[in-house]
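First up is the structure itself, then whatever we jot down about it.
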Amino acid sequence: MFWYKKKNQSMKEEQSAAPKTIQELFLQLKDNPDFSHYQHDQGSFQCWISFFNSLVNLESVHRDVLPFLYDSQIHSFSDVQERIPVEKVSHASDLYTIQSKLMEGCIVVQEKESSLNCLIVPTVSREGRQIEKPEIETSVIGPKEAFVEAIDTNISLLRKRIPIPQFTVEQFRIGKISNTRVCLAYIKGIASEENVNTARQRLQNLEIDHLIDASTLSQLISDNARSPFPQFIDTERPDRTIAGLFEGKITALVDGSPSALILPTSLIEFFLAFDDYFIVWHFATFYRLMRLFAVAFSVFSSALYVAVLTYHYQLIPTDLLGSLITSRSVVPFSPVAEALVLEIMIELLREAGARLPTKVGQTIGIVGGIVLGTASVQAGLTSNVLLIIVAMSALAAFTTPNYRMGTTIRFLRFPFILAASLWGLLGIALCFTFFVCHLLRLSSLGRPYIEPIFPLRVTDLKDSFVRFPYSLQSERPMLLRPEDTGRFNKKRVQKKKGKPSNDIDE
C-alpha cells in the first residue's frame, strides 16, 4: 500500500512538473543559456523562433533558414515551407511533438507566441566521432570499420552493405526521460517473423526512465536477468553484424552506443572469433578448439589444484609431489586461501589496468604482476606452482573473444574453488552439474542457449566447434528458424564450379 501511494505521489509530481501550455514550456526553458526564443519582426513575415544553439547546426540555420524569413515574398507558413531549402519541414500542433522536436535539434517557428500551430524545421547538428578501427574486437585480416555513437551513421554502415529493400529498420523510443532512439534491424524474408515479434514486444514493454547503452538494453530484454551468462552478443564490428543479419538474426542499435546487439544467440558463438571466417577452415577449427580448451583450463585449473592438495594428494605423481611439498613448505595458508589470494590479486591488477589510462594501465599490469608475484613467493604467501597455474588461468581467460563472456569465465573460477575446498573433486562435479542444469534452462529470445548440443542439431554443428568449409554450409542455422533456410543451392554451385582443365605441362 505504501509503495502504491508513493508511486501515485511520484506520478502526480511528474504530471505537475510537465508543462501544460507552450508558454509554460518556453518559461521552463528560458533560463538555459543555450536556448534561443525571440520574435522575428523584420520583413513581411513576423514569427517567433525557438531552438537550442547546442543542438542545431548553426551554419545551416544562418545559411538555409534565417535568410529566407527576411524575404519580402514570404507571407505565411506555406510560403516558408515552399522556399526554405531544408528537407522534411513539417507542421505540428500538439505540445508533446513540439517539445520532442525542440529537444532533438529542430527549429520551432510560430506565428504567435501562444500558438500551438508550429512549423518544425530539422537542422540537427551531426557532430560526432569519426569512424575508426575496432578497439576491442581487433583483427589482422578483414574490414577495419567500427560502429560509432551516432545511430544514423551506424545504420548507414549496415545499409550500404545490404543494398536491398528487404533490409528493414524499425525505430522505437525507450526511456521516459531520455527518450532514446533504439532501432531494430533485420532482413525480411530471412529473419523469423516470430523472433522479430518477440524482440519488438520486449522493446515496447520496457519501462525505464533513461537508457544509457546497448549493454543496459541487453540486460533489460534478456530472458534471464539473474544469470551470469550474457544472452546476446554485443559487437562493435559492422561486418559481424551484417553476417548475423544474413543468417537470419536481428540487430538492436541504441543511439549513443558504439556497439550493436545481435539476437538471438547461443553459448558457442561467444567463443567464435570473427577472424575465423577470414582464414581457411583447418586453422579456424584449430584456434576454436584451442580457445575452448583455454576456457576449460581457466575455470578448472585452480579448483583442481585446491581439490587435489586438500583431499586427493594420492593422485599426484611421486616426482611432482616432492616439488609441491618443497614449494608449499613455507606457505602458512591452506590451498584454498592461497588460491583465493592469488586470484583476487590478479583481478585487482586487471581492474586497476582497466581504470587507468592505456599507457599507465599497461605498465601497472606488467610491473605489478611481476613484482607482486615474485614478492608473494619470496614472502612465503604463495607457492611457485600455484603462481604459474593462476597466471596461465588468467591468460587463458583472456582468449575469449567476447569481453562480457570473458568476465563470466573469470567469475566462474571462484565458485569452483570454494566447492573444491569443501568437497574436493565431488564438489567440482556438483558445481559443474549445477551450471550445466542452469545452461539447459537458459534461452536467448526464447531459443535454446546451448544449441546445437541440446537440442542436438547436426546441421548447426558445421559452424560450431568445427568450422566446415563454406561449400558445405549451404543452410542457415536452425536455431534462428529463418524464413529462408538456404544460403545457396549446393548442387548448382558445384555444377557451375566445374572441373578445371589440365595445366599445359600435364
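Residue pairs meeting the ring-ring contact (aromatic ring centres under 6.0 Å, His included) criterion with at least one member in residues 143-180, sequence neighbours excluded, do not occur. Residue pairs that meet the ring-ring contact (aromatic ring centres under 6.0 Å, His included) test with at least one member in residues 250-278, sequence neighbours left out, are Phe274-Tyr277, Phe274-Phe278. Listed by first and then second residue, the ring-ring contact (aromatic ring centres under 6.0 Å, His included) pairs that reach into residues 90-126 are Phe77-His91, sequence neighbours excluded. For the side-chain hydrogen bond (donor to acceptor under 3.5 Å, both in side chains) condition, the pairs that include at least one residue of residues 108-120, sequence neighbours left out, are His37-Glu113.
Arg441 is linked by a salt bridge (Lys or Arg N to Asp or Glu O under 4.0 Å) to nothing, counting only residues two or more places apart in sequence or in another chain. In this structure Glu132 satisfies the salt bridge (Lys or Arg N to Asp or Glu O under 4.0 Å) test together with Arg129, sequence neighbours excluded. Residues that satisfy the salt bridge (Lys or Arg N to Asp or Glu O under 4.0 Å) test with Glu24, not counting sequence neighbours, are absent from this structure. Residues satisfying the side chain to side chain contact (heavy atoms under 4.5 Å, CB included) test with Phe468, not counting sequence neighbours, are Lys462, Val466, Leu472, Gln473. A search for salt bridge (Lys or Arg N to Asp or Glu O under 4.0 Å) contacts involving Lys88 returns nothing, not counting sequence neighbours. Partners of His282 by side chain to side chain contact (heavy atoms under 4.5 Å, CB included), not counting sequence neighbours, listed by chain and number: Val280.
Donor-acceptor pairing under 3.5 Å is lacking for the side chains of Asp255 and Thr180. Under the 3.5 Å distance criterion, with hydrogens and angles disregarded, a donor-acceptor pair is assigned to the side chains of Glu137 and Thr235.
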Show me, pair by pair, the donor-acceptor contacts under 3.5 angstrom made by side chains of residues 187-194, not counting sequence neighbours?
unit_1, atom_1, unit_2, atom_2, d
Ser192, OG, Glu194, N, 3.3
Ser192, OG, Asn195, N, 3.4

Side chains of residues 242-251: which donor-acceptor partners sit under 3.5 Å, not counting sequence neighbours?
unit_1, atom_1, unit_2, atom_2, d
Glu247, OE2, Arg487, NH2, 3.2
Lys249, NZ, Glu269, OE1, 2.1
Lys249, NZ, Glu269, OE2, 3.2

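Taking 4.0 Å as the cut-off between side-chain N and carboxylate O, Arg181 and Glu104 do not count as a salt-bridged pair.
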